[in-house]
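Below is one structure, written out as structure tokens; the observations come after it.
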Protein chains: 2
Amino acid sequence: MHEIKLQHILTIVELLSKGARHNFVEVTTTELGKHIDRSQQAASKHLLDLENSGYIERMKKGQKFGVRVTDKGYSEIQSLFSSLRSALELAPALIEFEGRVVSGMGEGAYYMSLEGYRKQFKEKLGYEPYPGTLNIRLTNQIFMNARRELGKHPSIFLEGFSDGTRTYGWVKCFPAVINDGAVDNAAVLVLERTHYDDNMLEVIAPMSIKHEADIKNGDRVKVQVQLGQIP
Amino acid sequence: MHEIKLQHILTIVELLSKGARHNFVEVTTTELGKHIDRSQQAASKHLLDLENSGYIERMKKGQKFGVRVTDKGYSEIQSLFSSLRSALELAPALIEFEGRVVSGMGEGAYYMSLEGYRKQFKEKLGYEPYPGTLNIRLTNQIFMNARRELGKHPSIFLEGFSDGTRTYGWVKCFPAVINDGAVDNAAVLVLERTHYDDNMLEVIAPMSIKHEADIKNGDRVKVQVQLGQIP
DNA sequence: ATTACTAGCTTCCGAGTAC
DNA sequence: TGTACTCGGAAGCTAGTAA
């Protein structure tokens, strides 16, 4: 895969940023060492190794050297660059949860039916949720941790409001898919004032999820939250 | 600059491409070692080190581990990515030459005045060259090497032609700047059939370069060839 | 000034193996 | 199966120094 030794990466990068792609640039080993945070001797060794491997070329220029990165050296860095890019970009923006359906306490359904939320659902999600949230108890510590950090990610944000008597907190919605597509327009809710623990996941959809996905209380269920779809 | 150890880069990249940015993914040290071309023990050590440094988080998941890259780990990779990008992109596409002006042999000027070339100059460079090329003898081995490889780069290409009697070879033109801008619309020529050595540089411009830049035979002169401006 | 050799130290890795 | 310990060797680094 990567022929080049990792230790040499910073050295080539430093040379490239000095313009050594097309020109022989004057670089002293002392100066180079300082930039890559190594000793002068290490820098010298790097240049020797890189030269022997055909990644750079050097020309005596008085006492110093002129150094240039070869095509071979350049393409090695490009290759590494591509690896990094795909690792960073392809990181699927998708958080998976697994758990068991538990009977809803009716509470979520009540809040979601309030006019102050319903009109925001309609406006921002494009539908009014089926009256009744799906409650999922997460089974693994891993998922509980992920649940706890869900709120950090960009979300569809419903403002809190007041009905004169009391105030209601904000709600963050995360588009989600149930059981690999059995329901594909659900949303996981994160409430400002949650009434559950971190091991509970509350999910809504335009239709009854239990009916659509044919699941009942106690069944295992998979929820995939889609990140990166919110502008 | 980069806190992360270079040896750990491939490990994190591998984890990220498995989706470990947002989820705890199951990875065995054996499998991981195989991907980063190290032993199982090395992979295990990497994970331990990365965990202790706060670049990844792990959760026991049965016998295996669930591994996730933390924000800290992610931003380290992003930082390295940025370094690579600027090294690759900012690599100034500019080749510098230095040499001394020598008296032209008149030959270049003759060829450049031929109708077959002149109309191509007008069309592709936007001007007809001043009758008389500037001839520069390169002073340093470094520049001679660069001169030799100049022809490999993308250029403004003038086709060869025949006048019935004899044929004339192609000419590659490279936009160039003389003495830091004294003349900024010159062009270095690389001829198919060069009449000079690799240590000679032939330059044209719409006006007399000697007059514009106030130089005479024997003077030192700097020529900067601009690459990457040719589509 | 430079570059780069040598010696010695530290880090990293792989094999064997415990759990 | 897994992970990760110890240990011996290889690789990488630094300091000193030669040229």
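Chain A is the first sequence line, chain B the second, and so forth, proteins listed ahead of strands; every chain is numbered from 1.
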Within this structure, what is the [atom1]-to-[atom2] distance between [X] and [N], rounded to whole angstrom?
X     : N      : atom1 : atom2 : answer
B:F65 : D:dT1  : CZ    : P     : 19 Å
B:M59 : D:dT3  : CE    : P     : 15 Å
B:K60 : D:dG2  : NZ    : C1'   : 9 Å
A:K64 : C:dA4  : NZ    : C1'   : 17 Å
A:L6  : D:dA11 : CG    : P     : 15 Å
B:N52 : D:dA4  : CG    : C1'   : 13 Å
A:I56 : C:dT3  : CD1   : C1'   : 13 Å
B:L47 : D:dA4  : CG    : C1'   : 11 Å

B:R58 side chain near D:dG2 phosphate (N/O to OP1/OP2, under 4.0 Å): no
Phosphate OP1/OP2 of C:dT3: any A:T29 side-chain N/O under 4.0 Å: yes
Per-nucleotide protein contact string for nucleotides 12-17 of chain C (B base, S sugar-phosphate only, - none; heavy atom under 4.0 Å): SSBBB-
Validation row: A:I178, A:E212 side chains within 4.5 angstrom (heavy atoms): no
Flag, side chain of A:R100 to backbone of A:N217, donor-acceptor distance under 3.5 Å: no
Test applied, side-chain contact (heavy atoms from CB on, under 4.5 Å); reference residue, A:F97; option that passes from A:V203, A:L201, A:V221: A:L201
Sugar-phosphate, base or nothing in reach of B:L48, heavy atoms under 4.0 Å: sugar-phosphate
Touch class at under 4.0 angstrom, heavy-atom based, for A:T28 against every strand present: sugar-phosphate
A:K34, NZ: over 12 other non-hydrogen atoms inside 6.0 angstrom: no
Flag if over 12 foreign heavy atoms under 6.0 Å of NZ, A:K172: yes
Polar side chain donor-acceptor pair, B:Q40 to B:T29, under 3.5 angstrom: yes
Aromatic ring pairing B:F157/B:W170, orientation class (parallel under 30°, perpendicular over 60°, tilted between): tilted
